Amino acid sequence: MPLRDALVEHADRFPLVGVVRDYPVLRRIGEIRHRQYVERQGKAYGSMVLDRQCLIEPSDFTSVNIYARDARGITCAMRVGEVLGDRNPYSPLFEKAARRFGLSVETTLTCTRLVRAPRHSGRHAVHLIRFVRWQTVHAGWRYCIMQTAEKLVPFFRKFGFTETGIWADDPAAGRLQVLVLDTNMRPTQEESDA
Amino acid sequence: MPDCDMREAHGLLDLYACIDDAQERFAGLLKSYLVDHPTTIDQYIRYLSFQYHLTKDVQRYFLAIAAHGDLSRRRRLREFLCSFANEEELHYLVAANDLARLGLRPLPMPFDVELWHHYFGKVVVDRPFVRLGAAAILENISDGPAKEWVKKALQGSFLTRDNTKFLVLHQHEVLPHGNQILNAIEEGDLEPHHFADLSEGARKGTVLYLRMAEWAIRPTTLASICDHGTISLDQQEEQRIANFSMTELGGTSGLQQATP
């Protein structure tokens, strides 16, 4: 099932999680990204929209963006894409990692651009990761690949991600490690790791 | 040339002058941005969004024009308008489906589109040729001096076959509605007050359309202060947009037969 059909809101199980369907919401996420990546971390990511304070990229329109919210608005957000056919600049690296570890690229998705609103702790990222796993495993997706800075590796390990030893020297972000999650087609971590 | 023919010729010339003026102004607006920048995807999203709201239920206007008593003895024009209504009716879904291919729904209706519907929705009942004059603008404004700038505007790495169906459909060569509407007017045996209404509608249509275009090109333009929130679509409409296929538009044979 295509990701856009798989990643639909599930108000009962994941009441905090929304799926981006409207440009004003994507724009708000783009503003959070810009603040986090460009202003605070000094990464020279390029945007494709008129608004200079907003980081929106080509793969935002071929992937699915999801977000968590509270009464004050968006708390954190993440982009979910396919290894194959995505316009994500990291796709060649992800595809290489998938092939090296024998993952079926047709059932492997990618998670990128995880951000949090400056006012928020970021704890809602947990909801996003659990939502993606629940929805996509039920839709036939098995693996997830992402890359992250070394300091965040322990955080993702808690969700079952494993280190691949494959590193990328991102010109904007610096040294990033590629991580892989094999869900074993189990939609929750509790069931798979218990 | 008899007086009535002279008056008709004068009325037509005035309408053509309105169209020329609209094309010049549209070219100027596009040039003012495109001379230094390429089109961006947020501009394209705004363009498709205003077109969605502008063209939704457009058949009501053309059927209202056709229903007016002044067309009781102008049945070829009436027939043309009915075919035109059928052909245009589903175009809003094309715009919405192009947006859906980008993973998005249309933006809420811009204020200038609201003004359009409030104004033309009322005037069409008693003065249908005012709305027909606005249609003559919509169907011709991208031609003439605006053509090269429209082509330039339609170049962007984010444009694909799947998300440009509305644009392709409205290229003059694909669907020559601009010529068809003018031919229908020319052959309509209209009276001077009809031409006066056509020109009035053409001018007012130009004002509102150029404001919509500016809203798309410059997201911080004055009208943007009315932008608010996200659109509310019922599930049935969401399904209609997601499942839309170009085959639903059918052929153009009906219009071609009805066009004088």
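Computed from a predicted model, the values in this text were never measured in an experiment. In what follows, every chain begins at residue 1, and chains take the letters A, B, ... in the order their sequences are listed.
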Against chain A, label [X] side chain, backbone, both or neither, depending on which of its atoms sit under 4.5 Å from a heavy atom there.
{"X": "B/I217", "answer": "backbone"}
{"X": "B/A242", "answer": "neither"}
{"X": "B/Y33", "answer": "side chain"}
{"X": "B/L99", "answer": "neither"}
{"X": "B/I45", "answer": "side chain"}
{"X": "B/L102", "answer": "both"}

Between A/H10 and A/F131, is the gap from one ring center to the other below 6.0 Å?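 No; A/F131 has its ring centre 6.0 Å or more from that of A/H10.
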Taking A/R28 first and then A/E31, would you say they form a salt bridge - that is, a charged N and a carboxylate O separated by under 4.0 Å?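 Looking at A/E31 together with A/R28, the answer is yes, because their closest N to O distance falls below 4.0 Å.
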If the threshold is 4.0 Å, N to carboxylate O, is there a salt bridge linking B/R46 and B/D42?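 Judged by the 4.0 Å cut-off on N to carboxylate O distance, B/R46 and B/D42 do not form a salt bridge.
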Between A/R113 and A/S63, do the side chains contain an N or O donor and an N or O acceptor separated by less than 3.5 Å?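 No, no side-chain donor-acceptor pair sits under 3.5 Å.
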Just checking, is any N or O donor in the side chain of A/H124 or A/T75 under 3.5 Å from an acceptor N or O on the other one?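 Yes.
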Okay, side chain of B/D112, backbone of B/L208: is any donor-acceptor separation there less than 3.5 Å?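 Looks like no, no N/O pair under 3.5 Å.
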Is a side-chain N or O of A/T107 found less than 3.5 angstrom from the main chain of A/S104, in a donor-acceptor match?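 The answer is yes, because a donor-acceptor pair under 3.5 Å joins these two groups.
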Under 4.5 Å from any heavy atom of chain B, what part of [X] do you find: side chain, backbone, both or neither?
{"X": "A/R21", "answer": "both"}
{"X": "A/V25", "answer": "side chain"}
{"X": "A/N65", "answer": "neither"}

